[in-house]
Structures are given as C-alpha cells and as structure tokens.
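Scroll down for the structure; my scribbles are underneath it.
Order of the sequence lines fixes the chain letters, A, B, ..., with proteins taken first and strands second; residue numbering starts at 1 for each chain.
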Amino acid sequence: MSRYEEMFLRLKQRNEGAFGAFLMLGDPDVATSAMLLDALVEGGADMVEVGIPFSDPVADGPVIQAAAERALAAGVRVDDCFGLIAQFRAKHPAVPVGILTYANLLAARGRERFMSDAAAAGADSILVADVPSLEAQPYAAAARAAELDYVMIAAPNTPEPVIRRIAELSSGYTYCVARAGVTGTRDRLALDHDRLFALLREAEAPPPVLGFGISLAEQVAEALESGAAGVIAGSALVRLGADADALRELVSAMKGATALPGSVRESHGHLA
Amino acid sequence: MKHDGRFGRYGGCYVPEILVPALEQLEAAFLEAEQDPRFAAELQELLTTYAGRPTPLTRCRNLAASTPARIYLKREDLLHGGAHKTNQVLAQGLLAKRMGKRRLIAETGAGQHGVATALAGALFGLETEIYMGADDVERQQLNVFRMELMGARVIPVTGGGRTLKDAVNEALRDWTASFPDTHYLLGTAAGPHPFPTMVRQFQRVIGREAREQVLEVEGRLPEAVVACVGGGSNAIGMFSDFVPDEGVALIGVEAAGKGLDGHEHGATILRGSHGILHGTETLVLQDSDGQVADSWSISAGLDYPAVGPEHAHLKETGRATYVGVEDGDALAAFQALAQTEGIIPAFESAHALAHALELAERADEEMVIVVNLSGRGDKDMAQAVKLLKGAEA
C-alpha cells in the first residue's frame, strides 16, 4: 500500500480529512527550509507537498513566485531539493511527500532520471503544473516506472472526458483547484465542486484534495463538507516566511478543522 | 484539441489544465475562421485598406552593388504600425471578436507588440491591457505613451527578471483566470498550441507575396531567403511558402549579442537546449537544472530565451539553417542601409540584412537574396543615438 493509501485509510478510521501543507524547497535557504518542513509535521500536517523552484512558474501567484525566487537567489539547485526530501524522509517515514514542479526541470534532467531521483530521495508523488492531461501520458508512464504516484489537476471547468483520462493516468490523489486562476490566498472560495467531486467519484479517480486559495480554517471545513478527501494550503503558509512557530500554529489550526462529524477532534475542532 | 500542435518532437500544449479549455476554444475558432470565406474577406479588406498590403519588394540599388548579388527587401517596415506584427494582430483581433471576447491582453518587451495590440484593441473596440516588464516600462516611455494614446492600459511586471519572459508569465497567469471574456493576443509564433500554427498562418502572407514578387521581377526563385528570429514570427511567415522550394536556402538570423561564446546573446537555436517554456517544447537558453537564462540583444525583438517550435523543427530537419549576427555587425548594416538606400531598418531586421550582406560579399556568381525587412527603425532612434553618437564622442 502506498503512503497516500495508508494515510487516507488511517484518517478514515479517525473520521478526519487530510490536511496537506505546501512549502517551496530551499526557501529562503536549504537549512531553514529543512527546519520549516519539520514544523509542518509538528503542527499536524498529514501530507507534505513541496515545490522545486523554477524560474518561470506560470501556475503560481505572487506569494509562491516570490518563494521560488528567494530559493533560486540563494543558489538552490535541484539536487539540493532532492537532498531535502531525503532528509525529511529519514525523519518522518510515514508522511507522504509530493513534488510540485514544472516540465522544464524534468526536460533538463531527463524525465525518467528526474522521476527515479525523486523516488530514490523518498518522494511519493509528482505533479507537473504545466503538463495538462493532453500531454500527460509519457509523464504518467515515467512516474509509474519509477514507482511514483502521478498526480493530476482537475477543476470545476474540467470536461468529463478529461476526468476519465485523469482517472486512468493518475494515482495518489487528485489535486482539485478551488477556482480558476493561479495559486494564492483568497478570502472566499468559489465552491462549485459538487459536480467535480461526483464526476471524479464516478470515474473512480484518486481521492480529491482541494487546493488553490485555502487560507482559513473555516475554508478547510467547508471544503471537506463539500466532499473533498483533504485540502492543501500553500500561499497562506509560505506567506509566514521563516517563522516556524507561526507555521506550526497555522498548520495546527487548519488540521484542527479537518474533523468530520462524529470524530474525536470534532469537540475541539471547527463547527460548521 | 483537433490537432496536437507538434512540429516533429517540438511544440505541443504545456499549460495548466485549467487553461486548456481556453486553447481548445481558440483552436476551434481558428479552424472555423480558416474555412470561412467571410473571415478571409474581412481580414483581406483590413490588410489592404487599413494596413497597406501588399507591401513592396524593393531591390537594393546601391547596397552590395559591387557584388554579384542582388538583394531584395520585403518591405514590412511600410506596413501600418511599422512592422509585420500588424498582420497578425488584425487577424487575432478579428478572431477575438468572433469568439465574443471583450478584452485583449498581451505581453510586450520594448513595446512593439504592445503598440500593435493597442492598435487592434482600438480598432475593434476591445478593452486592452498590456503586461510589460517594469524595467522596460521605465526605458520605453515613448511606447508606453503610444499604447496609452490608443486606449490601452500598461501593467508593469515586477516579478522575476522584469523582462519580456516575465511579462509572458504574467499574461498567462491573467488568462488562466480571465479567459471566459479575454483573448490573449500572443505576439509571436511560440507559446502553446494553437498559437505557433495560428500566428504562422496569419504571417505567411509575407512569404506568399514575396515569392510572387520575386518571381515576377527575376523570373525565378531566389538562392536565399533571410529573416531575423527572436520568437520567430516574421521568419516563419517569410519561410512557409518557400519551404517546398528545395533550391531556396532558408536562413534564420539570431542575435549573437556580444558574442556567442559568452552569455549575452539571444541565440536560442544556436546555443539553447531542449526544454519547455511558455507552453511549448522547443529550444531554450537555460542552465543545467532547467532554470531559464536571461537573453541579451541590442534589439528587444530578438531578446527572448526561447524560440517558436517550428524553427526548432526546421533546424532539426535541416530545411532551414540558423546563424548569429553580433550587435556590432547589425548596427553596421543598420547604418549601411540608411546611408545607401535611404531606409532605416529596425535593429531586428538589421540582423537579417547583415547576414545577407555577408552572403553577397562571399558570392562569386550571380545570386538573388530576399531579406525580410520586418520593421522600420524609428523605434530604435533613441538607442541608435546613444550607440552611434556615444561611440563618436
């Protein structure tokens, strides 16, 4: 069983949704980044998503762009990122780690080699933000060969044939976007996910995890109520910079809101 | 998508999943327009009565007169707007109207494509917003004013290296959220499918006319067709109708900047490596990790670290060859054309001309060369004063 499958099973038994926390690897430097990743786990993150910084991140809003710029300005290389993942894996053997990055980094290293280096470092999945389902087949095949889960993005405007293709090619989880646009925090979510989650379920796609614009504990609860198996917060965490205490606190508050009706956590978690 | 947008192993459509519906809609609208005689007629009328097509093919009377070569200039500099860009902004503007969009967005480097898009926005009554690197906004006040005069809003981009590639990133980000009512009027034959194909089709009028015109005056096809390559739209427009003519050498000229051995150039085909940037698989200037490098050229239009995928393919198949011309040689050709023919070319076009002059000087028998004079040099005056007067001082 994969780490994602084990995690979803564990959470199901506890009647909780998954809380995924995103940080940019190497932001603001390699040593601080390692410390911040630990803080995510200490705060209670169920799964950790890490960005490998790219110079031209078209799917990201200003907060995550700035994080990638800081990492690159600090001289962070792809090898350093794999090093950080390996270090994390040694300390936290059960926490799933997913890579979020861009196709050009795979093209430069060689797609197959990138995937096998990621797997060797201890990553569980990879999502390539600028590879849509149209171009996904060779990426999914390379991930499978390296025993990585290949994660794909679905949105409220994703047509049904694409959902079926996602179901066919991807594994681990389905990264659902909360709205059109790039990553970044918003005060309100445009929640129109009932149809999307229903289509994903029908197609037997991997469990939907909602990202893009999750910044408040209330939104976590809302997302889970609408049928997501989990949520991912990115910009809201990255915005805290190198403040590990604040990071731990926000992760803990958001994780607290993942309790579903009838769970142990519900008594002290968010009540809708 | 109806087509995969591939040119051999290059091209494709590498964008976030949420943007795919926008590109599918664009492909459908483009394919439908291509089959629609009304679209063709409307575009033709605009090209003729608004933009001034056909543009002439001018034989250089003095330049290279001492060589056995005859150099012809395809005068895109005479097109309304001052460069070939008008061809495709009119076509994309019409397409945007057909799709019912109310807003145009575009990226611009030094401002040429921004000015062209602003022109289309004014003509078609579309709200227009132009992304431009913050440093370029500072350096190119005159073009910013031109855009504003035609009703466009210029948005300075402060992220990344604050250059053209960052302006493309920002325009793509905008489009990801705005595509239901907004058309992204991409400026060159690069980017995700269907842009490389669509922009080529809208620019191939250059080569179609040039081919007919040279056949008429010379009674035969030329030995060589030369065009500068940044993103590659003027070159692909010039080359396309000559591709089946195997005896015609197709030569793309890249900006060798301060020299191909250093890092200050824009020679993506000569010095780049396989990569994926701005939605397309192509050749990219980058480091060994795949971080995209900054390009360099005295001409803003050639200052781009990737290139249209069809050029990468033409290079791979050998049908076209690509060479580099350094800043200094381009500047010399810029002056030579002004002094001998009374034509001031854009710095971009001067690169192509510099290579044509080199071919002419090397020729030991009769040779016909067609150069795409893609734009006029008015926009480069401030920089030319600095470079030429500065050098004299």
Any residue of residues 167-175 of chain A which, by heavy atoms, sits under 4.5 Å from chain B: none

Show, in sequence, the C-alpha distance, side-chain angles and deciding distance for B:Leu277 and A:Tyr102, and conclude whether the side-chain contact (heavy atoms from CB on, under 4.5 Å) test is met. CA-CA 9 Å; B:Leu277 184 66; A:Tyr102 288 85; over 6 Å; no

Write out, in numerical order, the residues from residues 134-144 of chain A with a heavy atom short of 4.5 Å from a heavy atom in chain B. A:Leu134, A:Glu135, A:Tyr139

Flag side-chain contact, heavy atom, 4.5 Å: A:Ser55 against B:Gln286: no

Checking the side chain of A:Asp130 only, and the main-chain atoms of B:Pro16 only, is there a donor and an acceptor separated by less than 3.5 Å? no

Working to the nearest 0.5 Å, report the span between CZ of A:Phe54 and CD1 of B:Ile276. 9.0 Å

When the 4.5 angstrom heavy-atom criterion is applied to B:Val20 and chain A, the contacting part is side chain

Can you tell which of B:His274, B:Arg173, B:Glu281, B:His278 has the highest number of heavy-atom pairs within less than 4.5 Å of chain A? B:Arg173

Scanning both residues in full, the closest heavy-atom pair of A:Pro132 with B:Tyr14 reads CD-CA, 4.1 Å

Can you tell which of B:Glu170, B:Glu17, B:Lys165 has the highest number of heavy-atom pairs within less than 4.5 Å of chain A? B:Glu17

Among A:Asp60, A:Thr158, A:Val162, A:Val58, which has the most heavy-atom pairs under 4.5 Å with chain B? A:Val58

Please report the shortest heavy-atom distance between B:Ser288 and A:Arg77, naming the atom on each side. OG-NH2, 3.0 Å

Shorter than 4.5 Å, heavy atoms on both sides: which option in B:Val168, B:Leu19, B:Leu172, B:Val15 has the most such pairs with chain A? B:Val15

Can you tell which of B:Cys13, B:Pro21, B:Pro192 has the highest number of heavy-atom pairs within less than 4.5 Å of chain A? B:Cys13

Sort by residue number and list every member of residues 79-86 of chain A having a non-hydrogen atom under 4.5 Å from chain B. none

Which bit of A:Ile52 comes within less than 4.5 Å of chain B, counting heavy atoms only: side chain, backbone, both or neither? neither

Region of A:Pro53 that comes under 4.5 Å of a non-hydrogen atom in chain B: backbone

Sort by residue number and list every residue of residues 104-117 of chain A having at least one heavy atom under 4.5 Å from chain B. A:Asn104, A:Leu105, A:Ala107, A:Ala108

